*Asks:* 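Dropping the structure in here first, questions after.
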Amino acid sequence: MNRQLAIVLLKGGVAVDWLQRMNLAIDYIEDNLEHEIDYEQIARIALCSVYQFQRMFSFVLELPLSEYIRRRRLTLAAFDLKNRKNTVTDIALKYGYATPESFSRAFQHLHGLTPTSARNGGTQLKAYPRISFQITLKGVVEMNYRIEKRDAFQVYGLEDVYHYDTIANQQGVSIPEVWQNIGQDGKLDRLCGSATDDWWSEGDFSKEIKPVFAYDSYKFTSNTTFPYLIGCYKSENSQVEGYTVVDVPASTWAVFSTLNDGNGSGNYDLGTLKNRIFSEWLHTSSYNIVDGGNFEMYGRNQDGHEYCELWFRTEEK
């Protein structure tokens with residue numbers, strides 16, 4: 001994976017400082033591929049939380065941090081196997097695998113052949129080079145957003161906790177599957193029915209926004225997991241029995257929409273929008289995205305187009 005992170009070069013060195021921190025974090029990872037990697041140390045180097053670093057890494061590079069580390073270790077392991085003085089057991093232990101069997105399974109999954117077969121000449125192996133974050137000067141492409149200040153309110157709904165690397169990995173459960181699962185057994189319909197007719201006016205939301213949305217990462221569960229709630233705005237007469245109720249603190253929100261993300265496509269493309277938020281907007285704006293909860297709100301405009309609004313809690317730099 002040899003990707004470049006395209007960001008805008010700013011006066012005052014804001015983007016450059018961020019670039020340096022990200023590359024120092026990668027330096028730490030690369031220096032410790034043969035040792036235990038401390039996610040807290042990565043976050044300290046990058047001057048953010050563990051969750052924020054993992055989310056930023058995944059959105060920008062479209063790959064979970066743990067998967068990048070796994071690929072880099074197995075790339076180096078393949079090089080080591082060419083040296084027949086190294087035993088498979090020694091290489092497995094070197095890159096953090098408890099047993100040769102677990103190493104062999106991981107190696108075969110990535111490279112398509114066993115470590116023993118990889119020693120033979122003429123075998124085809126995969127190599128994933130170290131990534132580097134670089135400045136690329138780009139033409140100016142608009143990115144639309146709005147800032148909303150909201151008093152504290154409450155939401156309620158169906159809550160679960162997911163492992164960050166699993167939810168970000170295509171081989172694991174995905175967020176769309178979470179929605180499909182609750183839709184199949186009628187839970188989603190019951191949740192929709194629990195919302196009052198005036199929820200949007202009481203909560204000061206657009207009439208285009210649907211009553212059910214997602215709210216995630218609103219509390220700390222662990223460095224590798226996050227809470228995800230499919231729920232509704234809690235109005236005075238909401239039927240909340242059997243649901244989890246969550247307090248949303250007074251916050252300033254940066255709001256982005258798939259309808260006007262500035263790429264001109266008009267496509268419902270959350271992946272591209274999230275990538276642009278973290279690789280472009282975040283480092284050119286006067287705001288930081290902070291921990292404490294994010295919304296995905298879904299709507300249908302007057303032209304019949306489905307869209308999503310991403311709400312990120314922010315603070316001024």
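Every value quoted in this text rests on a predicted model; they were computed, and no experiment measured them.
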*Asks:* Taking side-chain contact (heavy atoms from CB on, under 4.5 Å) as the definition, give me every residue that meets it alongside T89, ordered by chain and number, with sequence neighbours left out.
*Replies:*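 Scan of T89 (side-chain contact (heavy atoms from CB on, under 4.5 Å), adjacent residues dropped) gives T87, L93, P100.
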*Asks:* Answer whether the closest heavy-atom distance between the side chains of Y243 and R190 falls below 4.5 Å.
*Replies:* yes
*Asks:* Kindly compute the distance separating CH2 (W199) from CG (D197), expressed to the nearest 0.5 Å.
*Replies:*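 Separation between the atoms: 11.5 Å.
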*Asks:* Could you see if I182 belongs to whatever hydrophobic cluster contains V245? Use Ile, Leu, Val, Met, Phe, Trp, Tyr and a side-chain cutoff under 4.5 Å.
*Replies:* yes
*Asks:* Under the side chain to side chain contact (heavy atoms under 4.5 Å, CB included) test against R73, which residue among T75, I69, L76 passes?
*Replies:*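 That would be I69; it is the only one of T75, I69, L76 passing the side chain to side chain contact (heavy atoms under 4.5 Å, CB included) with R73.
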*Asks:* In this structure, would F220 and I42 fall into the same cluster of hydrophobic residues linked by side-chain contacts under 4.5 Å?
*Replies:*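 They do not share one cluster, since no chain of ILVMFWY contacts under 4.5 Å joins F220 to I42.
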*Asks:* Looking at every non-hydrogen atom in both residues, tell me the closest pair between P249 and D247 and how far apart they are.
*Replies:* CD-O, 3.7 Å
*Asks:* Is it true that D291 and S49 share a donor-acceptor pair across their side chains at a distance under 3.5 Å?
*Replies:* yes
*Asks:* Okay, side chain of K219, backbone of G293: is any donor-acceptor separation there less than 3.5 Å?
*Replies:*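 Side chain of K219 to backbone of G293, a donor-acceptor pair under 3.5 Å: no, none is there.
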*Asks:* With a 4.5 Å heavy-atom cut-off, do T116 and L81 have their side chains touching?
*Replies:* no
*Asks:* Ignoring hydrogens and geometry, is there a side-chain-to-backbone donor-acceptor pair from R313 to N294 under 3.5 Å?
*Replies:*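 Pair absent, no side-chain N/O of R313 close to backbone of N294.
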*Asks:* What pair of heavy atoms forms the shortest contact from P129 to A127, and how long is it?
*Replies:*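 For P129 and A127, the tightest heavy-atom pair comes out as CD-O, 3.5 Å.
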*Asks:* Not counting sequence neighbours, which residues clear side-chain hydrogen bond (donor to acceptor under 3.5 Å, both in side chains) with S104? List them please.
*Replies:* none
*Asks:* If we count only N and O atoms by modelled type, under 3.5 Å, do the side chains of E62 and N275 hold a donor and an acceptor together?
*Replies:*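 On atom types as modelled, these side chains do not qualify, holding no pair under 3.5 Å.
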*Asks:* Where the side chain of S238 meets the backbone of V240, is there a donor-acceptor pair that is under 3.5 Å apart?
*Replies:*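 Pair absent, no side-chain N/O of S238 close to backbone of V240.
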*Asks:* Between F226 and Y51, what is the ring plane arrangement, given parallel below 30°, perpendicular above 60°, and tilted in between?
*Replies:* tilted
*Asks:* Could you check whether the rings of Y233 and F153 sit parallel, tilted or perpendicular, using 30° and 60° as the cut-offs?
*Replies:*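 If you compare the ring of Y233 with that of F153, the planes turn out tilted.
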*Asks:* Under 4.5 Å between side-chain heavy atoms, counting indirect links through other Ile/Leu/Val/Met/Phe/Trp/Tyr residues: same cluster for W253 and V290 or not?
*Replies:* no
*Asks:* Check the pair I26, S132 against side-chain contact (heavy atoms from CB on, under 4.5 Å), reporting the backbone distance first and the verdict last.
*Replies:* CA-CA 8 Å; I26 297 300; S132 63; over 6 Å; no
*Asks:* In the structure I gave you, are the side-chain heavy atoms of V212 and K210 within less than 4.5 Å of one another anywhere?
*Replies:*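 Result no, sub-4.5 Å side-chain heavy-atom pair not found.
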*Asks:* Please answer whether the main-chain N or O of D38 pairs with a side-chain N or O of Y28 as donor and acceptor at a distance below 3.5 Å.
*Replies:* yes
*Asks:* For the CG atom of L229 and the CD atom of E159, what is their distance to the nearest 0.5 Å?
*Replies:*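 The distance works out to 6.0 Å.
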*Asks:* Taking it one step at a time, do F312 and L282 satisfy side-chain contact (heavy atoms from CB on, under 4.5 Å)?
*Replies:* CA-CA 11 Å; F312 290 98; L282 182 59; over 6 Å; no
*Asks:* Can a donor-acceptor pair be found, under 3.5 Å and without considering hydrogens, that links the side chain of N301 to the backbone of H305?
*Replies:*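 Judged by distance alone, yes, a pair lies under 3.5 Å.
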*Asks:* So, for W281 and A254, which heavy atoms are closest and what is the spacing to 0.1 Å?
*Replies:* CH2-CB, 3.8 Å
*Asks:* Can you name the side-chain hydrogen bond (donor to acceptor under 3.5 Å, both in side chains) partners of E315, sequence neighbours left out?
*Replies:* none
*Asks:* Identify whether NZ of Lys or CZ of Arg in R150 sits under 6.0 Å from the centre of the six-membered ring of F205 and within 45° of that ring's axis.
*Replies:*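 Yes, R150 lies over the aromatic ring of F205.
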*Asks:* Would a 4.5 Å heavy-atom cut-off, applied to side chains only, mark L65 and F53 as touching?
*Replies:*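 A side-chain contact exists here, since the closest heavy-atom pair is under 4.5 Å.
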*Asks:* In chain order, what residues pass the salt bridge (Lys or Arg N to Asp or Glu O under 4.0 Å) check against R72, with sequence neighbours excluded?
*Replies:* E30
*Asks:* Could you list the residues that satisfy side-chain contact (heavy atoms from CB on, under 4.5 Å) with A214, not counting sequence neighbours?
*Replies:*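 Only W179, Y228, E296, Y298 meet the side-chain contact (heavy atoms from CB on, under 4.5 Å) criterion with A214.
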*Asks:* Taking side chain as C-beta onward, heavy atoms only, is T123 less than 4.5 Å from K82?
*Replies:*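 With C-beta onward as the side chain, the pair touches.
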*Asks:* Should Y307 and I209 count as side-chain neighbours, where that means a heavy-atom distance under 4.5 Å?
*Replies:*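 Yes. Closest side-chain heavy atoms under 4.5 Å.
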*Asks:* Looking at side-chain heavy atoms only, is the closest gap between F107 and L125 below 4.5 Å?
*Replies:*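 Counting from C-beta outward, F107 and L125 do come under 4.5 Å.
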*Asks:* What about V161 and Y156, same hydrophobic cluster or not, with Ile/Leu/Val/Met/Phe/Trp/Tyr joined at side-chain heavy-atom distances under 4.5 Å?
*Replies:* no
*Asks:* Looking only at heavy atoms, which two atoms of W200 and S206 are closest? And how far apart?
*Replies:*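 So the minimum-distance heavy-atom pair works out to CB-O, 4.3 Å.
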*Asks:* Which heavy atom in A77 sits nearest to a heavy atom in I91, and how many Å separate them?
*Replies:* CB-CG2, 3.8 Å
*Asks:* In this structure, are over 12 heavy atoms from other groups packed under 6.0 Å from D31 atom CG?
*Replies:* yes
*Asks:* With a 4.5 Å heavy-atom cut-off, do Y287 and I147 have their side chains touching?
*Replies:*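 Answer yes - side chains close enough.
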*Asks:* Run the ring-centre check on Y95 versus F103 and record whether the distance is less than 6.0 Å.
*Replies:*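 No, ring centres 6.0 Å or more apart.
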*Asks:* Do the charged groups of E101 and R105 touch, with an N to O distance under 4.0 Å?
*Replies:*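 No, no charged N to carboxylate O under 4.0 Å.
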*Asks:* Using 30° and 60° as the class boundaries, would you call the ring planes of F295 and W311 parallel, tilted or perpendicular?
*Replies:* perpendicular
*Asks:* Begin from the C-alpha positions of I289 and I277 and carry the test side-chain contact (heavy atoms from CB on, under 4.5 Å) through to its verdict.
*Replies:* CA-CA 10 Å; I289 293 176; I277 291 168; 4.0 Å; yes
*Asks:* Kindly say whether K187 contributes a backbone atom to a donor-acceptor pair with the side chain of D185 at under 3.5 angstrom?
*Replies:* yes
*Asks:* If you measure from CD on Q154 to OG on S235, what distance do you get to the nearest 0.5 Å?
*Replies:*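 It comes to 11.0 Å.
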*Asks:* Per the salt bridge (charged side-chain N to carboxylate O under 4.0 Å, His left out) rule, which among E309, E208, E306 passes with R300?
*Replies:* E306
*Asks:* Would you say Q54 and Y39 are linked by a side-chain donor-acceptor pair, where the criterion is simply a distance under 3.5 Å?
*Replies:* no
*Asks:* Could you label the plane-to-plane angle of the Y68 and F57 rings as parallel, tilted or perpendicular, counting under 30° as parallel and over 60° as perpendicular?
*Replies:*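 It falls in the tilted class, 30° to 60°.
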*Asks:* How close do Q108 and T114 get, counting heavy atoms only, and between which atoms?
*Replies:*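 Result for this residue pair: OE1-CG2, 3.6 Å.
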*Asks:* D27: which residues meet the side-chain hydrogen bond (donor to acceptor under 3.5 Å, both in side chains) condition with it, sequence neighbours left out?
*Replies:* R130
*Asks:* CD of E236 to NZ of K234: how many Å apart, nearest 0.5 Å?
*Replies:*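 If I round to the nearest 0.5 Å, the distance is 9.0 Å.
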*Asks:* Okay, side chain of N223, backbone of V50: is any donor-acceptor separation there less than 3.5 Å?
*Replies:*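 Side chain of N223 to backbone of V50, a donor-acceptor pair under 3.5 Å: no, none is there.
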*Asks:* If two hydrophobic side chains count as joined below 4.5 Å and joins carry through other members, does M56 share a cluster with L24?
*Replies:*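 As far as the 4.5 Å side-chain criterion goes, L24 and M56 are connected within one cluster.
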*Asks:* Donor-acceptor pair, S286 side chain versus E316 backbone, under 3.5 Å?
*Replies:* no
*Asks:* Report the distance from atom CG of L310 to atom CG of L273, rounding to the nearest 0.5 Å.
*Replies:* 5.0 Å
*Asks:* Measuring from atom OG of S257 to atom CE of M297, what distance do you get when rounded to the nearest 0.5 angstrom?
*Replies:*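 Separation between the atoms: 12.5 Å.
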